[in-house]
Undergrad: 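Could you have a look at this structure, given as structure tokens, before my questions?
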Amino acid sequence: MKFKKSNKLYKKGLVHLVGAVNSPVRAFTSVGGNPLFIKKAKGTKITDVDGNEFIDLVLSYGPMILGHRHKKVQKGVEKALKNGYSFGASTENEIKLAKIVCDAFPGMDKVRFVNSGTEAVISGVRLARAYTGKDKIIKFSGCYHGHQDSLLVAAGSGLATLSMPGSKGVPEGAVKNTLISNYNDLESVKKHFEEHDDIAAVIIEPICGNMGVVIPQGNFLKELKAYLETKGALLIADEVMTGFRSKFGGAQELLGVEADITCLGKVIGGGFPVGAYGARNEIMQEVAPLGGMYQAGTLSGNPIAMAGGIATLTELKKQNPYKKFEETGSILEVILLETAKKYHVDLSVNRFGSMLNPFFTKTNVTNFEEAQTSDTAKFAVFFWEMIKNGVFLPPSQFEAWFLSSALTDNDIKVIANAVDKGMLAISKM
Ligand SMILES: *Cc1c(COP(=O)(O)O)cnc(C)c1O
């Protein structure tokens, strides 16, 4: 497999782009080698500029849940393009997408669209503070909530990949109202409430995907929600990754927990820049122009992005692929575990529906500390074997793999073969 054109573009890209990427998770820092430059994608396949074709398990870090360029989405977006790109005024499609979203999440009477998951969380946190009149926020170690200052601590995702404890440029004042708890550890939440009486909310990835996949154990979420109610604090579900993916109504539908504020991104735009935050009427009442919490956006509710979201979610609802995701996901999980066993490689696989990933460790991974026991050198070897055998993975141990509803039995065979080559290579390390 040749990467001649990618390597050339990488060198060219380094001149005017930072690390030749526009998001550090796309850099190949932790797996070595240079990032691939992509030319196009269709269905389950992604093609680089050298003409190499891969089964895509990155799916743009989640959004492409129907596979790439689904014909209904393509049609919806092309139709919208003919009417103009952006107006700075309301359009009917915003109302349509709002209805689809609010119908999916019972705790949402109203929604506000923004342009990214980061923006959705910035706004969701501001809303929790506006509504409760309190300042402190609890987040969990290893959960990623976008790159705003106040939550860029113990934040998993790209920081974990690059072994960064936090970000430079975040002033102390910006994180002084951020408290950290351990995932799956309610006691570590209660401890903060015993010490502080000004906690507005707890923000959580209800199924975590940003330290690799980590699953809430037992009734963790339900118990957390019940506890917060006794304290008058809100639960913010950051469903940027899990919304419309775990179930149409996200992890909340799957796990039977209703958050006070929900943040969305990724799948909601089907590959176009859409984020959203929403809540019950009494909470959303705080947002301008109804209330005193200000939040705005020149391109928010962009007509092309709305069309992409409407077409994606409409088709997704029709396909209802969640049972298939569960089946395909469990097949992949078994392939990973059995192949690891065959080659005597220590492996622990975490999966929830269509999100999964292997950790190269004997440890059962239920929090960030355990996730970090994974042997990232083994992951790097595995990553390149997967590439060479036709499977595109996120270039990090700490990112989830995603499945699309387009995945075929033949794709699974290609993945199985690549996994075999990957584990074999590790067994020779
Ligand atoms: C991806 C992600 C974000 C950030 O979304 P962007 O669109 O990258 O800004 C926030 N929270 C979670 C849980 C995410 O997975």
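Computed from a predicted structure; not experimentally measured.
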Undergrad: I'd like to know whether Leu234 forms a side-chain contact (heavy atoms from CB on, under 4.5 Å) with Leu127, so could you lay out the CA-CA distance, the side-chain angles of the two residues, the decisive distance to 0.1 Å, and finally the verdict.
TA: CA-CA 10 Å; Leu234 303 185; Leu127 179 56; over 6 Å; no

Undergrad: Would the number of heavy atoms belonging to other residues, nucleotides or ligands and lying under 6.0 Å from CD of Glu369 be above 12?
TA: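 Not buried by this count: 12 neighbours or fewer within 6.0 Å.
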
Undergrad: How far apart are the C-alpha atoms of Val345 and Phe360, what are their side-chain angles, what is the distance that settles it, and do they pass the side-chain contact (heavy atoms from CB on, under 4.5 Å) test?
TA: CA-CA 8 Å; Val345 173; Phe360 293 93; 3.9 Å; yes

Undergrad: Check whether any side-chain N or O of Arg129 sits under 3.5 Å from a backbone N or O of Tyr131 as a donor-acceptor pair, and report yes or no.
TA: no

Undergrad: Please lay out, stage by stage, how Lys318 and Thr314 fare under the test side-chain contact (heavy atoms from CB on, under 4.5 Å).
TA: CA-CA 6 Å; Lys318 196 175 121 207; Thr314 305; 5.9 Å; no

Undergrad: Picking from Ile268, Leu264, Val267, what satisfies side-chain contact (heavy atoms from CB on, under 4.5 Å) with Glu239?
TA: Leu264

Undergrad: Could you walk me through whether Val391 and Trp401 pass side-chain contact (heavy atoms from CB on, under 4.5 Å), step by step?
TA: CA-CA 11 Å; Val391 182; Trp401 305 0; over 6 Å; no

Undergrad: Measure the shortest side-chain to side-chain distance between Ile331 and Ile412 over non-hydrogen atoms and say whether it is less than 4.5 angstrom.
TA: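 Sidechains of Ile412 and Ile331: in contact.
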
Undergrad: Output the distance between atom NZ (Lys168) and atom CG (Leu152), rounded to the nearest 0.5 Å.
TA: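 These two atoms lie 14.0 Å from each other.
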
Undergrad: Sequence neighbours excluded, which residues qualify as side-chain hydrogen bond (donor to acceptor under 3.5 Å, both in side chains) partners of Lys341?
TA: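 Here no residue qualifies.
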
Undergrad: Which atom pair, heavy atoms only, marks the closest approach of Phe368 to Ser141?
TA: CD2-OG, 3.4 Å

Undergrad: Is the shortest side-chain heavy-atom distance between Leu254 and Phe352 below 4.5 Å?
TA: yes

Undergrad: Find the distance between CD (Glu315) and NZ (Lys71) and round it off to the nearest 0.5 Å.
TA: 7.0 Å

Undergrad: Hey, could you give me the CD1/CG distance between Ile65 and Leu59, rounded to the nearest 0.5 Å?
TA: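 Ile65 CD1 to Leu59 CG: 8.5 Å, rounded to 0.5 Å.
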
Undergrad: With distance as the sole test, does Arg112 use its side chain to make a donor-acceptor pair with the main-chain N or O of Gln295 at under 3.5 Å?
TA: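 Confirmed, Arg112 side chain pairs with Gln295 backbone.
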
Undergrad: Please determine, by modelled atom types, if Glu333 and Ser330 share a side-chain donor-acceptor pair under 3.5 angstrom.
TA: no

Undergrad: Tell me, do Phe244 and Val101 make a side-chain contact under 4.5 Å, heavy atoms counted?
TA: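 Yes - at least one pair of side-chain heavy atoms lies under 4.5 Å apart.
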
Undergrad: Under a plain distance cut-off of 3.5 Å, with no hydrogens placed, do Gln397 and Ser374 share a side-chain donor-acceptor pair?
TA: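 Yes, Gln397 and Ser374 have a side-chain donor paired with an acceptor closer than 3.5 Å.
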
Undergrad: Taking the side chain from Ser188 and the backbone from Asn182, do they hold a donor-acceptor pair closer than 3.5 Å?
TA: yes

Undergrad: Out of curiosity, Lys191 NZ to Leu179 CG, how far, rounded to the nearest 0.5 Å?
TA: 9.5 Å

Undergrad: Looking only at heavy atoms, which two atoms of Ile203 and Phe140 are closest? And how far apart?
TA: O-CD1, 3.6 Å

Undergrad: Output side-chain donor-acceptor pairs under 3.5 Å for residues 81-97, partner residues at least two apart or in another chain, one line each.
TA:
{"unit_1": "Thr91", "atom_1": "OG1", "unit_2": "Glu94", "atom_2": "OE2", "d": "2.8"}
{"unit_1": "Glu94", "atom_1": "OE2", "unit_2": "Thr91", "atom_2": "N", "d": "2.7"}

Undergrad: Could you check whether any side-chain heavy atom of Phe359 comes within less than 4.5 Å of a side-chain heavy atom of Asn350, counting everything from C-beta outward?
TA: yes

Undergrad: Given Lys39 and Asp50, is the salt bridge (Lys or Arg N to Asp or Glu O under 4.0 Å) satisfied, shown in steps?
TA: CA-CA 9 Å; Lys39 174 139 192 186; Asp50 288 284; over 6 Å; no

Undergrad: Can you check whether Thr44's main-chain N or O pairs, donor with acceptor, with Ser404's side chain at less than 3.5 Å?
TA: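 Side chain of Ser404 to backbone of Thr44, a donor-acceptor pair under 3.5 Å: no, none is there.
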
Undergrad: Under 3.5 Å, side chain of Thr408 to main-chain N/O of Asp411, donor-acceptor pair present?
TA: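 Yes; judged by distance alone, with no hydrogens or angles, the pair exists.
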
Undergrad: Does a side-chain heavy-atom distance below 4.5 Å link Thr366 with Tyr183?
TA: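 Heavy-atom side-chain distance check fails, nothing below 4.5 Å.
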
Undergrad: Is it true that, when you exclude Lys317 itself, more than 12 heavy atoms of the residues, nucleotides or ligands shown sit nearer than 6.0 Å to its NZ?
TA: no

Undergrad: Please say whether more than 12 non-hydrogen atoms of neighbouring residues, nucleotides or ligands are located less than 6.0 Å from NE2 in His68.
TA: yes

Undergrad: Donor-acceptor check, side chain of Ser60 to backbone of Gly62, threshold 3.5 angstrom: yes or no?
TA: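 Pair absent, no side-chain N/O of Ser60 close to backbone of Gly62.
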
Undergrad: Compile the donor-acceptor pairs under 3.5 Å between side chains in residues 10-28 and protein atoms, sequence neighbours left out, one pair per line.
TA:
none

Undergrad: NZ of Lys324: more than 12 outside heavy atoms within 6.0 angstrom?
TA: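 Atom NZ in Lys324 is packed in, count exceeds 12.
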
Undergrad: Hey, does Phe3 have a side-chain heavy atom less than 4.5 Å from the side chain of Asp48?
TA: yes

Undergrad: Below 30° counts as parallel, above 60° as perpendicular, anything between as tilted: where do the rings of Phe379 and Phe382 land?
TA: tilted

Undergrad: With a 4.5 Å limit on heavy-atom distance, are the side chains of Leu407 and Ile55 in contact?
TA: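 Yes, at least one pair of side-chain atoms sits under 4.5 Å.
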
Undergrad: Could you tell me whether a side-chain N or O of Arg245 sits under 3.5 Å from a main-chain N or O of Gly250, the two making a donor and an acceptor?
TA: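 The answer is no, because no donor-acceptor pair under 3.5 Å joins these two groups.
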
Undergrad: Search all heavy atoms of Ser405 against all heavy atoms of Leu66 and return the closest pair with its distance.
TA: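 Looks like OG-CA, 3.6 Å.
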
Undergrad: Taking His70's backbone N and O only, do any of them form a donor-acceptor pair with Gln74's side chain (distance below 3.5 Å, no angle check)?
TA: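 Checking the backbone N and O of His70 against the side chain of Gln74, no donor-acceptor pair under 3.5 Å is found.
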
Undergrad: With a 3.5 Å distance limit and no angle check, can you tell me whether Thr312 reaches the backbone of Gly309 through a side-chain donor-acceptor pair?
TA: no

Undergrad: When you compare the side chain of Ile38 with that of Thr47, does any pair of heavy atoms fall below 4.5 Å?
TA: no

